[in-house]
Asker: 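There's a structure below that I have some questions on.
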There are 2 protein chains.
Amino acid sequence: MTEPVSAELPGRRTTRQRSALVALLDELDGFRSAQDLHALLRERGDSVGLATVYRALQALVDDGQLDVLRGSDGEAAYRRCSPVHHHHLVCRSCGRTVEVTDPPVERWASKMAAEHGFSEVQHQVEVFGTCAECTAAARS
Amino acid sequence: MTEPVSAELPGRRTTRQRSALVALLDELDGFRSAQDLHALLRERGDSVGLATVYRALQALVDDGQLDVLRGSDGEAAYRRCSPVHHHHLVCRSCGRTVEVTDPPVERWASKMAAEHGFSEVQHQVEVFGTCAECTAAARS
DNA sequence: TTGTTCATGAGAACCATTATCCACAGCAGA
DNA sequence: TCTGCTGTGGATAATGGTTCTCATGAACAA
């Protein structure tokens with residue numbers, strides 16, 4: 001009751017492992033699986049346990065600092081994202097991601113849900129394609 | 001070369017197990033997991049192996065007769081769907097599903113992708129909420 | 001009916017994710 | 001500085017959905 005409730009991350013400590021993970025995510029610009037991130041950390045010498053990677057990712061998601069996406073194989077992929085509501089345009093081939101926003105889509109989702117009596121609505125809009133570079137590379 | 005290539009399901013046999021699965025899917029109107037479907041088949045006496053359920057579901061998806069959805073836990077859910085392109089409005093609580101279409105969203109996705117140089121675009125739009133009945137039930 | 005070939009089913013294998021256990025680190029108060 | 005509390009890390013086991021293996025059985029064409 002006496003703790004500063006307004007603090008962003010109450011009772012969350014800053015450790016070498018979490019810093020390394022956040023730094024890595026800042027460098028990457030596409031969605032990466034937890035397994036990938038764990039392997040990348042090991043490669044660069046920042047040895048971190050797999051369970052720790054999962055815990056840290058989950059914590060960051062809870063804090064709204066990461067976005068999660070489920071691929072067609074069910075594996076979760078993570079990415080550092082802006083805190084405002086947005087959707088993604090993801091390259092199937094290289095994983096590069098563009099954040100996009102579109103108020104009309106938001107309105108459409110709310111309207112459609114209301115028309116059918118649905119409440120507490122969330123929507124999920126992701127666009128997958130092949131980016132210009134990968135298309136060019138595939139042609140060579 | 002001599003087979004009827006135009007046949008809907010070339011080289012796919014009709015078996016008791018597949019018929020039972022399709023019949024079950026026709027009766028249900030929400031997304032169900034493979035595990036659920038397997039349990040339901042057992043309950044009604046149509047004993048079918050779990051592996052068979054997965055194989056049959058995969059085959060139906062390949063033939064475009066089923067839609068797949070990945071829940072937040074990564075579990076796949078299946079549903080009998082109309083063959084034309086559409087999206088879903090899914091009740092988080094009871095799983096009931098409404099199929100919706102919206103050409104503007106389709107156009108928006110294509111336009112957005114083109115602006116960023118993406119090609120071979122697919123999009124995924126799902127809206128989750130709580131349907132009127134479940135909202136009412138929760139209030140009681 | 002017969003032969004070929006695909007489908008089935010039980011269980012093992014697989015793999016991402018989560019839980020468990022215990023040692024350790026950071027911080028607060030004595 | 002010492003001590004105790006609590007969150008964290010790491011290794012590993014457990015979990016659970018999905019896929020694979022392979023011997024057996026069923027569908028279909030001739």
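Just so it is clear: chains get the letters A, B, ... in the order the sequence lines come, proteins before strands, and each one is counted from 1. Everything numeric in this text was worked out from a predicted model, so none of it was measured.
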Asker: Evaluate salt bridge (Lys or Arg N to Asp or Glu O under 4.0 Å) for Asp67(B) paired with Arg79(B), printing each intermediate quantity in order.
Answerer: CA-CA 5 Å; Asp67(B) 272 5; Arg79(B) 179 175 187 268; over 6 Å; no

Asker: To the nearest Å, how far apart are Gln58(A) CD and dT8(D) P?
Answerer: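 For the pair Gln58(A) CD and dT8(D) P, the rounded distance is 14 Å.
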
Asker: Measure CG/Leu57(B) against C1'/dA7(C) and give the value in whole Å, please.
Answerer: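 Taking atom C1' of dA7(C) as the reference, CG of Leu57(B) is at 15 Å.
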
Asker: Please find the pair of heavy atoms, one from Val68(A) and one from Phe31(A), that lie closest to each other, and give the distance.
Answerer: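 Between these two residues, the closest heavy atoms are C-CE2, 4.4 Å.
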
Asker: Any side-chain N or O of Tyr54(A) under 4.0 Å from OP1/OP2 of dT18(C)?
Answerer: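 No.
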
Asker: Look at atom CD of Glu133(A) and say whether more than 12 heavy atoms of other residues, nucleotides or ligands are closer to it than 6.0 Å.
Answerer: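 Count not over threshold, so no.
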
Asker: Please tell me which of the listed nucleotides, dT18(D), dA16(C), dA11(D), lies nearest to the side chain of Glu75(A)?
Answerer: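 When the side chain of Glu75(A) is considered, dA16(C) is the closest of dT18(D), dA16(C), dA11(D).
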
Asker: Any side-chain N or O of Thr14(B) below 4.0 angstrom from OP1/OP2 of dA27(D)?
Answerer: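 Result: no.
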
Asker: Please report the C-alpha distance between Arg80(A) and Val22(A) in whole Å, then the side-chain angles of each, then the deciding distance to 0.1 Å, and finally whether the side chain to side chain contact (heavy atoms under 4.5 Å, CB included) criterion is met.
Answerer: CA-CA 8 Å; Arg80(A) 200 83 201 270; Val22(A) 170; 3.5 Å; yes

Asker: At less than 3.5 Å, do the side-chain atoms of Arg55(A) and the base atoms of dG7(D) form a donor-acceptor pair?
Answerer: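 Donor-acceptor pair under 3.5 Å: no.
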
Asker: If only side-chain N and O atoms of Thr52(B) are considered, is one of them under 4.0 Å from the OP1 or OP2 phosphate oxygen of dG9(C)?
Answerer: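 Checking dG9(C) against Thr52(B), a side-chain N or O does come within under 4.0 Å of OP1 or OP2.
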
Asker: Name the closest nucleotide to the Arg70(B) side chain, picking from dG11(C), dT18(D), dG10(D).
Answerer: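 Out of dG11(C), dT18(D), dG10(D), the nucleotide with an atom closest to Arg70(B)'s side chain is dT18(D).
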
Asker: Less than 4.0 angstrom between a side-chain N/O of Ser33(A) and OP1 or OP2 of dA16(C), yes or no?
Answerer: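 Answer is no, no contact under 4.0 Å.
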
Asker: Which whole-number value in Å describes the distance from Asp73(B) CG to dA19(C) P?
Answerer: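 My rounded result for the distance is 13 Å.
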
Asker: Between atom CG in Asp36(A) and atom P in dC15(C), what is the gap in whole Å?
Answerer: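 In whole Å, dC15(C) P and Asp36(A) CG are 15 Å from each other.
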
Asker: Looking only at N and O atoms, is any donor in the side chain of Arg13(B) or the base of dC28(D) less than 3.5 Å from an acceptor on the other one?
Answerer: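 In this structure, the two groups form no donor-acceptor pair.
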
Asker: With Val53(A) as reference, evaluate Asp36(A), Leu24(A), Leu41(A), Leu40(A) under the side chain to side chain contact (heavy atoms under 4.5 Å, CB included) test and give the passing residue.
Answerer: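 For Val53(A), the side chain to side chain contact (heavy atoms under 4.5 Å, CB included) check succeeds only for Leu41(A).
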
Asker: Select from Ala76(B) and Thr15(A) the residue whose nearest nucleotide in DNA chain D is closer to the 5' end of that strand.
Answerer: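 The 5'-side residue here is Thr15(A).
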
Asker: Would you mind reading off the distance between Leu50(B) atom CG and dC20(D) atom P, rounded to a whole angstrom?
Answerer: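 After rounding, the reported distance stands at 14 Å.
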
Asker: Without decimals, in angstroms, what is the distance between His38(A) NE2 and dG10(D) C1'?
Answerer: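 These atoms are roughly 10 Å apart.
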
Asker: For Arg18(B) and dA26(D), what is the distance between atoms CZ and C1' respectively, to the nearest whole Å?
Answerer: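 Between C1' of dA26(D) and CZ of Arg18(B): 12 Å.
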
Asker: Please tell me which of the listed nucleotides, dT8(D), dT17(C), dT8(C), lies nearest to the side chain of Gln17(B)?
Answerer: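 Among the listed nucleotides, the one closest to the side chain of Gln17(B) is dT8(C).
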
Asker: Think Arg16(B) has a side-chain N or O under 4.0 angstrom from the OP1 or OP2 of dG9(C)?
Answerer: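 So the side chain of Arg16(B) is within the cut-off, an N or O lying under 4.0 Å from OP1 or OP2 of dG9(C).
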
Asker: Without decimals, in angstroms, what is the distance between Gln35(A) CD and dC15(C) C1'?
Answerer: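 Rounding to the nearest Å, CD of Gln35(A) and C1' of dC15(C) are 8 Å apart.
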
